[in-house]
Amino acid sequence: MTSTFIPRSDFLRVLTERGYIHQCSDLEGLDEQARKGDVTAYIGFDCTASSLHVGSLLQIMMLRWLQKTGGKPVPLMGGGTTRVGDPSGKDESRKILSIEDIENNKTGIKAVFSKFLTFGDSAKDAIMPDNAEWLTKLNYIDFLRDVGRHFSVNRMMSMDSVKMRLERDQELSFLEFNYMCLQSYDFVELSRRYGCNLQMGGSDQWGNIVTGVDLGRRMGTPQLYALTSPLLTTASGAKMGKTAAGAIWLNADMLSPWDYWQFWRNTEDRDVGRFLKLFTEMPLDEIARLEALQGAEINEAKKILATEACAMLHGRELAERATETARQTFEQGITSTDLPHVAIEPAVLAAGLGVLSAFVEAGLVQSTGEARRQIKGGGLRVNDVIVSDDRMNLTEADLNSDGSIKLSLGKKRHILLTPKA
């Protein structure tokens, strides 16, 4: 992206000021389209899991800002391309999912977008097509003749998604090799059906997206544009959306609002300002003030980031409850009933539940071996008391006055173990 470019449209101005833009095929041309209110943009989301995780949130926010600045967002469900599998950034083929699994995953993913976008029948309301609508109806011979002839194998071999796999001597199936063709054709089809003229995505998708722009030119669509966001990592180099405890899912049934709040609260100091710009809608001058805080004061900025990011996904009420739960738990030492609960059979507790199994059951550790290692380092607590004996059993005598047992991993992860009613 050129540093001398000054956007005239609200859309590119916001994306530029807040740090969303990595590459664009034609900034001036896209800016002019956005200034006229003539941008319909899509981002594809394959249905490989029943929820998106926070690694997809940057793209979701780009669609949200597009709509807020007068454009039409199109989150495209990849019901067709999921059957093939995107090789980008992968060393091996994705697992082939059944049609039933893909449909179930699609249902889970759709729920997230209603929190960020306005859907309806108005001109700028979001729509959510599925590329299975056209990809599953393609005739293979016709596709090769009408579309395939526009692709250069030489150029496809030079794309990072292909080249990196081959350089590592990892097999790339013919099925995956076709993914680029299908994604490019999506762009053409969306242009014809909905007037879509912009595809956005992560920087790892640049090759696929500009191939779609080129295919559109060859097949006679109006001018198409490509725009990518930077690869998002934390200040320490970790991939966004992955933690030691697993993926940070966006669906509440896979990750509680409390745990989502905690994820943002644990942001590294150096990332606070950047994440406030990308994942909240707070004014930039207020973000600058928070970003300038030093020492222990930066924790206040982290709490604001956590609350604002959580409110956008789960609603203001749940975000405020998570904030209050954190205050009670960490600042007052109170066991809050709003902490995540894990229910166990009363008979198990009556017989005595091994402390190692209890932490595994609560999802705070992955295995009893990990629990033992945490105990040796003083990392596990029961009712705020450090566990020193890995043969300890939890019984009814450990229940607090609220009928729960508080399990803690370190100072920031807590679960209430409660007998089933």
Side-chain angles (χ1 to χ4, degrees), residues 1-24 27 54-62 64-66 68-69 116 202-203 227-243 248 250 257-316 318-332 410-413:
M1 176 185 164
T2 175
S3 58
T4 59
F5 174 70
I6 301 176
R8 299 169 64 198
S9 67
D10 288 342
F11 173 55
L12 287 188
R13 177 184 55 78
V14 169
L15 263 57
T16 300
E17 291 176 344
R18 300 183 83 97
Y20 287 100
I21 300 178
H22 179 63
Q23 288 173 291
C24 183
L27 275 170
V54 80
S56 297
L57 191 56
L58 190 69
Q59 279 70 53
I60 297 173
M61 288 297 295
M62 291 170 76
R64 180 176 173 87
W65 279 116
L66 171 71
K68 287 174 70 71
T69 55
F116 291 89
S203 58
L227 177 67
T228 61
S229 58
L231 177 65
L232 198 59
T233 58
T234 65
S236 59
K239 188 175 181 180
M240 187 71 178
K242 301 287 186 180
T243 68
I248 304 302
L250 299 182
W258 159 257
D259 284 326
Y260 190 74
W261 189 95
Q262 274 294 306
F263 166 76
W264 294 106
R265 169 62 181 83
N266 294 337
T267 295
E268 296 179 39
D269 291 1
R270 292 175 291 170
D271 288 327
V272 172
R274 185 164 60 113
F275 287 1
L276 281 167
K277 290 177 184 177
L278 295 173
F279 300 113
T280 80
E281 295 175 344
M282 293 181 64
L284 292 177
D285 56 352
E286 176 64 8
I287 291 174
R289 184 189 71 80
L290 294 171
E291 192 175 14
L293 297 175
Q294 299 294 321
E297 288 185 331
I298 196 67
N299 289 324
E300 294 306 311
K302 293 181 183 180
K303 293 174 187 176
I304 292 172
L305 167 63
T307 301
E308 293 302 313
C310 189
M312 191 165 289
L313 178 63
H314 294 299
R316 181 64 58 181
L318 287 178
E320 296 293 350
R321 281 175 57 183
T323 305
E324 178 61 18
T325 297
R327 188 185 68 80
Q328 292 181 7
T329 303
F330 302 133
E331 298 175 16
Q332 298 181 351
K411 296 180 179 180
K412 296 180 179 178
R413 296 199 64 208

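Computed from a prediction, not measured in an experiment: that's the story for all the values here. Numbering of residues begins at 1 and proceeds along the displayed sequence.
Between the Glu268 side chain and the Thr234 main chain, no donor and acceptor come within less than 3.5 Å of each other. Of the possible donor and acceptor atoms, one in the side chain of Gln294 sits under 3.5 Å from a partner among the backbone N and O of Ala292. Between the Arg18 side chain and the Thr280 main chain, a donor and an acceptor come within less than 3.5 Å of each other.
Two residues are said to be in side-chain contact when any heavy atoms from C-beta on lie closer than 4.5 Å; Ile248 and Leu57 fail this criterion. Contact annotation: the side chain of Glu286 approaches that of Leu290 to within less than 4.5 Å [non-hydrogen atoms, C-beta and beyond]. Residues Thr307 and Arg316 meet the side-chain proximity criterion, which asks for heavy atoms closer than 4.5 Å. Side-chain contact between Trp65 and Glu281 is present, with at least one heavy-atom pair separated by less than 4.5 Å.
Closest non-hydrogen pair, Arg274 versus Thr233, comes out as NH2-O, 2.7 Å. A pairwise comparison of heavy atoms in Pro230 and Ser203 identifies C-OG, 4.1 Å as the closest pair. Between Ala311 and Ala319, the closest heavy-atom pair is N-CB, 3.5 Å. Nearest heavy atom pair, residue Met62 against residue Ser229, reads SD-CB, 3.7 Å. Closest heavy-atom contact between Gly273 and Ile287: O-CG2, 3.8 Å. Here the shortest heavy-atom pairing between Leu318 and Pro257 reads CD1-CG, 4.0 Å.
Checked for salt-bridge contact, Glu291 and Arg270 miss the test: no charged N lies under 4.0 Å from a carboxylate O. The pair Lys303-Glu300 meets the salt-bridge criterion, since a charged nitrogen lies less than 4.0 angstrom from a carboxylate oxygen.
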Determine, step by step, whether Met282 and Ile304 satisfy the side-chain contact (heavy atoms from CB on, under 4.5 Å) criterion, reporting the C-alpha distance in whole Å, the side-chain angles of both residues, the deciding distance to 0.1 Å, and the verdict.
-> CA-CA 10 Å; Met282 293 181 64; Ile304 292 172; 3.6 Å; yes

Do Arg321 and Glu324 pass the salt bridge (Lys or Arg N to Asp or Glu O under 4.0 Å) test, and can you show the C-alpha distance, the side-chain angles, and the key distance before you say yes or no?
-> CA-CA 5 Å; Arg321 281 175 57 183; Glu324 178 61 18; over 6 Å; no

Decide side-chain contact (heavy atoms from CB on, under 4.5 Å) for Arg13 and Ile6; before the verdict, give the C-alpha distance in whole Å, the side-chain angles of both, and the deciding distance to 0.1 Å.
-> CA-CA 8 Å; Arg13 177 184 55 78; Ile6 301 176; over 6 Å; no

Full working for side-chain contact (heavy atoms from CB on, under 4.5 Å) between Tyr20 and Met61 | CA-CA 9 Å; Tyr20 287 100; Met61 288 297 295; 3.7 Å; yes

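Listed by chain and number, the residues in a ring pair (Phe, Tyr, Trp, His ring centres under 6.0 Å) with Phe116 amount to none (sequence neighbours excluded). Under the side-chain contact (heavy atoms from CB on, under 4.5 Å) criterion, Val272 pairs with Thr267, Leu276, Ile298, Ala301, Lys302, not counting sequence neighbours.
Here the CG-NE2 distance, from Leu58 to His22, works out to 12.0 Å after rounding to the nearest 0.5 Å. The line from CG of Asp271 to CG of Asn266 is 12.0 Å long, rounded to the nearest 0.5 Å. With values rounded to the nearest 0.5 angstrom, Leu313 atom CG is found 5.0 Å from Tyr260 atom OH. Annotation: the span from Leu12 atom CG to Phe5 atom CZ amounts to 5.5 Å, rounded to 0.5 Å. The line from CG of Asp10 to CG of Leu66 is 11.5 Å long, rounded to the nearest 0.5 Å.
Using a 30° and 60° split on the angle between ring planes, Phe275 and Trp264 fall in the perpendicular class, above 60°.
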